[in-house]
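Working notes, beginning with the structure itself.
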Amino acid sequence: MNPGREIRYIDFHSHKPGGRSDSLTIMNLMAGEDVPAAFPANTLFSAGIHPWQLTDDNCEQLQAELILTAAHPHIVMIGEAGFDRLRGVQGELQYRVFMFQTSIAAEMQKPMVIHCVRGWVELLRAHSEYGPARPWVIHGFRGSSKLAASLDEKGFWFSLGKEGITPDILNTVSHDRIMLETDDSGRSIDDVYRLFAVTAGYPEDEAADLIRGNFNSLFNYRL
Ligand SMILES: [Zn+2]
């Protein structure tokens with residue numbers, strides 16, 4: 001990685017590696033996927049057990065694999081991990097495997113990137129049970145402003161894609177805990193930044209500085 005002011009865009013959650021000289025990308029790996037032997041500059045990784053991949057049969061194996069992957073120096077976050085009430089195995093197993101990942105994150109002192117579809121009760125239960133030392137960043141958030149307000153109040157961060165960048169949400173959440181992402185949309189991160197700047201009422205340079213500052217405070221980096 002080449003940290004410095006030349007990084008203008010940070011794609012906080014993507015399923016593709018980066019490669020642009022003006023952007024830093026955090027590429028997500030599902031448990032069982034290794035950090036590629038070769039990857040473009042300015043690419044970091046998150047690794048976690050996604051609720052979609054979890055079954056009664058693979059749970060032990062995924063946990064063992066995640067422990068190995070998470071030790072790689074380019075893994076900066078645990079996740080995406082979380083709760084999905086519409087897809088994947090439901091109930092106690094989802095909760096238990098999420099809590100397993102919170103313990104890895106705690107041990108490695110890393111933030112978590114959270115996938116949550118209608119599982120807010122479980123997420124809040126885990127958050128209050130655990131009291132994480134490093135931030136939990138909800139990616140792809142597009143819920144109501146009421147939900148955003150209650151999560152914001154508990155100190156959650158938000159990684160927003162195009163659908164989550166609305167006046168309602170931006171009027172509700174703390175701007176010093178926002179990141180931006182493309183996820184699997186195939187959009188360019190520039191477009192997401194542009195929409196964020198316009199919707200929040202920032203000049204584009206100021207928006208880029210804000211997000212870079214948030215990234216630095218989340219990871220104790222100096223980009
Ligand atoms: Zn994703």
Side-chain angles (χ1 to χ4, degrees), residues 9-20 23-36 39-40 42-55 58 62-63 65-66 69-70 72 74-90 94 97-98 100-102 104-105 110-120 122-123 126 132 134-143 147-148 151 156-166 169 173 177-193 195-196 211 214-215 218-219:
Y9 303 110
I10 296 157
D11 189 348
F12 190 76
H13 178 80
S14 172
H15 291 267
K16 288 187 304 202
R20 285 170 45 173
S23 310
L24 184 144
T25 300
I26 302 182
M27 180 184 170
N28 190 76
L29 302 171
M30 303 255 206
E33 290 177 334
D34 289 327
V35 174
F39 51 84
N42 300 335
T43 305
L44 297 170
F45 297 88
S46 56
I49 301 172
H50 197 295
W52 294 353
Q53 66 175 154
L54 184 61
T55 67
N58 67 13
L62 291 178
Q63 292 181 105
E65 283 171 340
L66 180 60
T69 311
H72 191 287
H74 275 78
I75 301 278
V76 294
M77 273 190 302
I78 301 301
E80 56 187 301
F83 302 97
D84 198 315
R85 298 291 293 273
L86 300 181
R87 202 171 145 185
V89 70
Q90 301 290 311
Q94 210 174 73
V97 170
F98 180 78
F100 167 79
Q101 295 181 86
T102 65
I104 295 187
K110 294 190 193 309
M112 290 191 74
V113 56
I114 307 286
H115 167 103
C116 192
V117 176
R118 301 197 188 174
W120 304 106
E122 291 83 354
L123 181 65
R134 300 293 306 277
W136 287 6
V137 186
I138 299 166
H139 103 84
F141 183 81
R142 61 187 80 166
L147 175 61
L151 294 165
F156 282 92
W157 286 54
F158 297 87
S159 176
L160 302 175
K162 260 192 160 173
E163 290 74 14
I165 299 174
T166 65
I169 291 178
V173 304
R177 284 188 258 124
I178 289 178
M179 299 304 303
L180 301 174
E181 66 178 45
T182 60
D183 196 4
D184 56 4
S185 66
R187 294 191 183 102
S188 86
I189 190 66
D190 322 30
D191 286 347
V192 181
Y193 266 68
L195 180 66
F196 171 74
I211 301 299
N214 291 352
F215 178 87
L218 182 61
F219 290 110

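Both backbone and side-chain heavy atoms feed into the values below; hydrogens, waters and symmetry mates do not. Start at 1 and go down the list; that is how both ligands and their atoms are numbered.
- Centred on the Zn ion (ligand 1), the NE2 atom of His15 and the OE2 atom of Glu80 lie at an angle of 90°, reported to 10°.
- Between Phe98 and Trp136, the angle of the ring planes goes over 60°, which puts this pair in the perpendicular group of the 30/60° scheme.
- At a cut-off of 2.8 Å, His139 is not counted among the residues with an N, O or S atom near the Zn ion (ligand 1).
- With 2.8 Å as the limit, His13 counts as an N, O or S neighbour of the Zn ion (ligand 1).
- Among the backbone and side-chain atoms of Asp183, an N, O or S atom lies under 2.8 Å from the Zn ion (ligand 1).
- Between the side chain of Gln94 and the backbone N or O of Val89, at least one donor-acceptor pair lies under 3.5 Å.
- Panel note: side chain Asn214, backbone Ile178; a donor-acceptor pair is recorded below 3.5 Å.
- Judged purely by distance below 3.5 Å, without hydrogens or angles, the side chains of His13 and Glu181 never pair a donor atom with an acceptor atom.
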